[in-house]
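Accompanying notes for the structure given below.
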Amino acid sequence: MATGRSLVRRVASTPWNARLRELASQSLFSESITLYRSMLRSGSSPDAFSYPFTLKSCAALSLPVSGQQLHCHVIREGCVAEPFVLTALISMYCKCGLVEGARKLFDENTQSHQLGVCYNALISGYTANAKVADATCLFRTMKERCVSVDSVTMLGLVPVCTVPDYIWFGMSLHGECVRLGIDSELAVLNSFITMYMKCGSVESGRRLFDGVPVKGLITWNAVISGYAQNGLAYDVLELYEEMKSYGVRPDPVTLVSVLSSCAHLGAQRIGQEVEKLVEANGFVSNVFVSNALISMYARCGNLAKARGVFDVMPVRSLVSWTAMIGCYGMHGMAETGLKLFDDMIRNGIRPDKTVFVMVLSTCSHSGLTNKGLELFDAMKREYKLEPGPEHYACVVDLLGRAGRIDEACEFIESMPIEPDGAVWGALLGACKIHKNVDMAEVAFAKVIELEPMNIGYYVLMSNIYTDSNNQEGIWRIRVMMRERGFKKEPGYSYVEHKGRVHLFLAGDRSHEQTEEVYRMLDELETSVMEIEGNTDCDRCGEVSSSTREHSERLAVAFAILKTSPGAEILVIKNLRVCEDCHVFIKMVSKIVDRRFVVRDASRFHYFEDGLCSCKDYW
DNA sequence: ATAGGGTTAG
């Protein structure tokens, strides 16, 4: 081809270049690569003006082979030294995940050492490929060589500061931007807002956001997704409304965060509104959006709709399968979930660690002990995945629930990695179910060493002592808790009503209809043969308040008051529904003849006609 | 004429 081509009369490349540029600027990347190919076929030879566009297309589509081919052409045409071409090549290698190749190019062409854009391309390449040390190191080199740092350098560098350890570095960068006078550029502000949010400094991020005079869509998205990532689902919905009131139109990124917050809060009505918007704007083909829809419907208890979204997706990602499988697990439908897992494998999708967490916990919730152990084995042997602490915790849970406590202990001892709090916590939970006080004390000592501030474990241990009538033990736990000075009760529940989410806290009286809610609660309690008690509730963490004021009861009472007879009631609880409340809701479902769906931290409970879907309450 | 950049899920 090459020799043949040189015989063909060379045609001026300018019209080709203009078209290449047009396509690339419209993000029609594969079209631009096709055009480049026909350009070669027609006998016109590309020049230094053709490559940047074509390389950019390879970068955008992550096509390393085509990119390297282009690199060869560049060498043949002798224009590697051309700054625009060199930078485009470096960027292409980075975007295709070949950072070493990019670095080699950078080192070999020393003229790039004075070009800020080359540093910028390489730094953002390091950042995108999680090479934090290389990124910061190159930034230092850049300054040593007196190459000027600009806002694009910052945009490439700031995203490395997304772990709390790097927040100081991030703040120093912020200071540097002020000195350079680029701290008011919108993109720079956006990247710092994101940085603070990802480090968990939600207030700092919000303060920066409030100070931005003209906010862009990404500015709004940065805070909305930051709230979502920090579990502030309520604030997400609030800010989303505010954003719309300013006339800013949400994009798929916004809607993904909003949907995930609806999932969190059980706000199906709001989620459905978002789905309408998704359809109206043609975002249905966006995999992120569809995955978020699946998870929203699943976590709102609407399995059929979740499956409906899943079934019509033209392209499913691993995340789509994982969300769907996890959703069957939460609903106690282990068979369907495991069948879907098999389907996934048959479809040639390689499982990852997360999907294994889903299938393993599905097995343990449904008592499929051996099936779970089999899968754990297959994970290591067949799929060559290194189990993490979360997988070990699942296996301990699997063995523990089945009453195989000794095996669970041996398993922990044989672990090649250090067990974390969740592993010992799973053992502690098993000891509660099977009333093994001695082992519980061992597990408890370990677990509070690893997670001293997790209140749930203290409550669990206290309840194990309660079950065995060990007054001294109960007292000891109380003292420990007092010493550690636990603050307010973290138990809360949500109910959605008329497109608004109502939040209830244990013993809380700040809800606008508190009077009515408590009256209804009293009424229900008179009807139910109430088990009075001030015992600490197992795992639900709502300590030292009477169980009769637990958040899920307030939510139930409110929902009965507000919704029409016959309507199903969905209550979301952040922790676990305690035994007392479980019994209470069961009885209420008979008295008021309503169906209750309660989603707690790990699964769904269905209450109807005095019965509950789960035999064993967790 | 041409290069480098910010937000997204289980």
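Naming: A, B, ... by sequence-line order, numbering from 1 per chain.
The CG-P distance, from A:Leu186 to B:dG5, rounds to 17 Å in whole Å. Taking atom CG of residue A:Asn190 and atom P of nucleotide B:dT8, one finds them 11 Å apart after rounding to whole Å. Spacing between atom CG of A:Leu155 and atom C1' of B:dT7 amounts to 12 Å, rounded to whole angstrom units. Put simply, CD1 on A:Ile90 is 12 Å from P on B:dG5, counting in whole angstrom units. One interatomic measurement links the two molecules: CD of A:Glu82 to C1' of B:dA1, which rounds to 13 Å at whole-angstrom precision. Following rounding to the nearest Å, A:Met154 (CE) and B:dG4 (C1') show an atom-to-atom distance of 14 Å. At whole-Å resolution of the value, OH in A:Tyr36 and C1' in B:dT2 are 15 Å apart. Rounding to whole angstrom units, NE2 of residue A:His391 and P of B:dG10 are separated by 16 Å.
For a distance-only test at 3.5 Å, the side chain of A:Asn221 fails to qualify as a donor-acceptor partner of the base of B:dG6. On a pure distance criterion of 3.5 Å, no polar donor-acceptor pair joins the side chain of A:Ser191 and the base of B:dG6.
The side chain of A:Ala121 approaches B:dG4 more closely than any other nucleotide in the set B:dA1, B:dT7, B:dG4. Residue A:Phe84 has its side chain nearest to B:dA3 when only B:dT7, B:dG6, B:dA3 are considered. Side-chain proximity of A:Phe53 to B:dA9, B:dG5, B:dA3: nearest is B:dA3. Relative to the side chain of A:Phe288, the nucleotides B:dT8, B:dG4, B:dG10 differ in distance, and B:dT8 lies closest. The side chain of A:Pro52 has B:dT2 as its nearest neighbour among B:dG4, B:dT2, B:dG10. The side chain of A:Val253 has B:dT7 as its nearest neighbour among B:dG6, B:dT7, B:dA3. Looking at the side chain of A:Val117, the nearest of the listed nucleotides B:dA9, B:dG4, B:dG6 is B:dG4. The side chain of A:Ala187 has B:dG5 as its nearest neighbour among B:dG4, B:dG5, B:dT7. Candidate nucleotides B:dG10, B:dA3, B:dT7 were compared by shortest atom distance to the side chain of A:Thr194, and B:dT7 ranks first.
Put simply, A:Lys215 has no side-chain N or O that comes within less than 4.0 Å of OP1 or OP2 on B:dT7. A sub-4.0 Å separation between OP1 or OP2 of B:dG5 and a side-chain N or O of A:Lys95 is present. In this model, the phosphate group of B:dG5 is approached by a side-chain N or O of A:Ser124 to a distance below 4.0 Å at OP1 or OP2.
Within residues 339-359 of chain A, the residues that have a heavy atom under 4.0 Å from DNA chain B are, in order of number, A:Asp352, A:Thr354, A:Met358.
One finds no salt bridge joining A:Asp107 and A:Lys104 here, because no Lys/Arg side-chain nitrogen approaches an Asp/Glu carboxylate oxygen to under 4.0 Å. With respect to A:Glu273 and A:Lys276, a salt bridge is recorded, a charged nitrogen being found less than 4.0 Å from a carboxylate O. Electrostatic pairing of A:Arg346 and A:Asp342 does not count as a salt bridge here, judged by no charged N lying under 4.0 Å from a carboxylate O.
Separating the OG atom in A:Ser261 from the CG atom in A:Leu237 is a distance of 5.5 Å, to the nearest 0.5 Å. Taken from CZ in A:Arg206 to CG in A:Asp235, the straight-line distance is 8.5 Å, to the nearest 0.5 Å.
Without hydrogens or angle criteria, A:Arg145 side chain to A:Gln114 main chain gives no donor-acceptor distance under 3.5 Å.
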Show, in sequence, the C-alpha distance, side-chain angles and deciding distance for A:Arg103 and A:Tyr126, and conclude whether the side chain to side chain donor-acceptor pair (under 3.5 Å) test is met.
CA-CA 10 Å; A:Arg103 183 64 195 234; A:Tyr126 280 136; 3.2 Å; yes
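Counting non-hydrogen atoms under 4.0 angstrom, A:Phe192 reaches nothing in the nucleic acid. Across all strands, A:Leu318 comes closer than 4.0 Å to base atoms (heavy-atom distances). The residue A:Gln229 sits close only to the backbone: its heavy atoms come under 4.0 Å of sugar-phosphate atoms, none of a base. Within the nucleic acid shown, A:Ala48 comes within 4.0 Å of at least one base atom, counting heavy atoms only. Using a 4.0 Å heavy-atom distance criterion, A:Asn17 is classed as a base contact.
For the pair A:Tyr246/A:Lys215, no side-chain contact is recorded, criterion being any heavy-atom separation below 4.5 Å from C-beta on. Inter-residue side-chain proximity for A:Gln111 and A:Pro83 is flagged as unmet; no heavy-atom pair is nearer than 4.5 Å.
Lacking a ring centre under 5.5 Å from that of the base six-membered ring together with a plane angle below 30°, A:Trp321 does not count as stacked on B:dG10.
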